[in-house]
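Worksheet: the structure to be examined is printed underneath.
Every number for a ligand or one of its atoms is a count from 1 in the order of the listing.
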Amino acid sequence: MRIVGRMLAAAVLCGLIVPAHAQTRELNVFNWSDYIDPKAIERFQTQTGIHVRYDVYDSLETLEGKMLAGHSGYDVVVPTSEPTFSRLIRAGALQPLDRAKLPNLANLDPALMARVAASDPGNRYGAIYLWGTTGLGVDVAKVTKLAPGAPLDSWELLFKPENARRIAPCGITMLDSATDVIPSVLHYLGHDPDSAAPADLAAVERTLLAIRPFIRAFASGGAIEQLASGETCLALDYSGDVIQAPARAKEAARGVAVKYVLPKEGAQIAFDMLAIPKDAPHPAEALAFINFVLQPDVMAGITNTVRYANAVPASRAGIARDITEDVGTYPTPELMARTFTVRAVSPDATRARSRMWARFKSAG
Ligand code: N2P
C-alpha cells in the first residue's frame, strides 16, 4: 500500500497523473480575436495544470455589453484603456489587481504604464498586454494602379470621396466599430477626437456617408482575412491586424503586399489591458495567468505571433528583427508624436454615435 502510495506520489510529481483537485482548476479568458500565441496557452496549462477556456470577441462594444451585464464567467478580459477599461473601472465591473501576486508587473515599461494611469489612477486595475494604432492597410500596388497620385500616407486616401471612388474596384473595408472609427474621423476633420458637439458629429456623418457607396465590407475584430485574401486593397484597421495579413496570405500560399500606414495627420493609439472582472470565478488563476503572460519570453512569443507591440522592454531580444524594425508595430518617436488617445464620452454621446453608425452602415 505504502509503495503504491509512493509510486502514485512520484507519478503526480512527474506530471503523469494530475490530482483531482488540480484537474478542476480552470481559467476563462476572453480576449480579442487573433490576439494570442497559442503556444503561450499550452505552456501555461502544462506549467500550472490550470485548464484554459479561451473565447474571443471582435469589438469593444461586445466586450463592454458582456461585462456590464455581469456574471460573464470570465476571469481575464482585455479591454482597451479608453474608452472601455476606464468605463468598466468606474462602473465597478473590475477588481483591483493583487500586486503581491504579480511580481512580473515590474517588467512593464513605466513610461507606458504612466500613459494608461490617466485612465486608471495608480495603475490599480490593469497591466498593459499589447498596444497598437488604428490606421490604414494599403495594398500599394493595387491602390496606386487605380488611383495614381493619391496620397498613400494620409487619411485622404480613404476619406476623400474621389480617392475612395477610384480605389473601390479593388475593395475597401472598414472596421465595424463606432468606438474605434469615429475618433479617427473627428481627428482627420481637425476636431477633438472626443467631441460630442452635434455639429462635429454631423461633419463626421457627412464624411462617412460621402464614401459609403465605395465601402465593400465592414469587418469586426480587424480585417486580416479580407486583406490576406485580396478581397480588399484598402482597410481602416488595427495596425497589427494589417501587419499579420501578409503572413496569413503566405500560409494560404497567396502573395499580398499590404503595408500599414500610420497617417500623417495622426492616428489613435490604444493600450489593451489585462484585467480581472469583479465577479471572476477564478481570481487566483487569473493572477497566475497575468503574471505568466508578463514574462519577457512569453511576451516575445505573443508579439512574434500577432505583431502588436508589448510593454515589456526585456522581451525585445526575443522578438524577430523584422518586427522590432517595423515602424508599424514599433513607431519611431516621430510617428509616436502623431498619435492621440481618446477619453470616454458621455452615455448620451455614445448613443448618438451608435445611432449615427447604424445610419451610416445602412445607407449602403
Ligand atoms: C484584434 C486586435 C485588436 C486590437 N485582432 C485593438 N486594440
| note | Residue, atom and distance of the protein heavy atom nearest atom 1 (C) of ligand 1 read S33 O, 3.2 Å
| query | Looking only at protein heavy atoms, which one is nearest to atom 6 (C) of ligand 1, and how far off is it? | reply | D272 OD2, 3.4 Å
| request: With salt bridge (charged side-chain N to carboxylate O under 4.0 Å, His left out) as the test, would you mind laying out the steps for D326 and R307 before giving the verdict? | output: CA-CA 9 Å; D326 187 334; R307 295 174 185 247; 5.8 Å; no
| said: I'd like to know if G132 contacts ligand 1, where contact means a heavy-atom distance under 4.0 Å to any ligand atom. | reply: no
| message | Just to check, does Y308 reach to within less than 4.0 Å of ligand 1 when the distance is taken from its heavy atoms? | response | yes
Under 4.0 Å from a heavy atom of [X]: which atoms of ligand 1 are those, numbered in the order shown and with their elements?
X	answer
D241	1 (C), 2 (C), 5 (N)
Y238	3 (C), 6 (C)
Y35	2 (C), 4 (C)
G221	1 (C), 5 (N)

| field | Distance-only donor-acceptor check, side chains D180 and T134, under 3.5 Å | value | no
| Are the aromatic ring centres of Y125 and F85 under 6.0 angstrom apart? | no
| said: Could you check, using the six-membered ring where one of them is a Trp, whether W32 and Y57 have ring centers closer than 6.0 angstrom? | reply: yes
| note | From the list W155, F159, F340, ring pair (Phe, Tyr, Trp, His ring centres under 6.0 Å) with Y188 holds only for F159
| task | Determine, step by step, whether Y260 and T329 satisfy the side-chain hydrogen bond (donor to acceptor under 3.5 Å, both in side chains) criterion, reporting the C-alpha distance in whole Å, the side-chain angles of both residues, the deciding distance to 0.1 Å, and the verdict. | result | CA-CA 9 Å; Y260 176 70; T329 301; over 6 Å; no
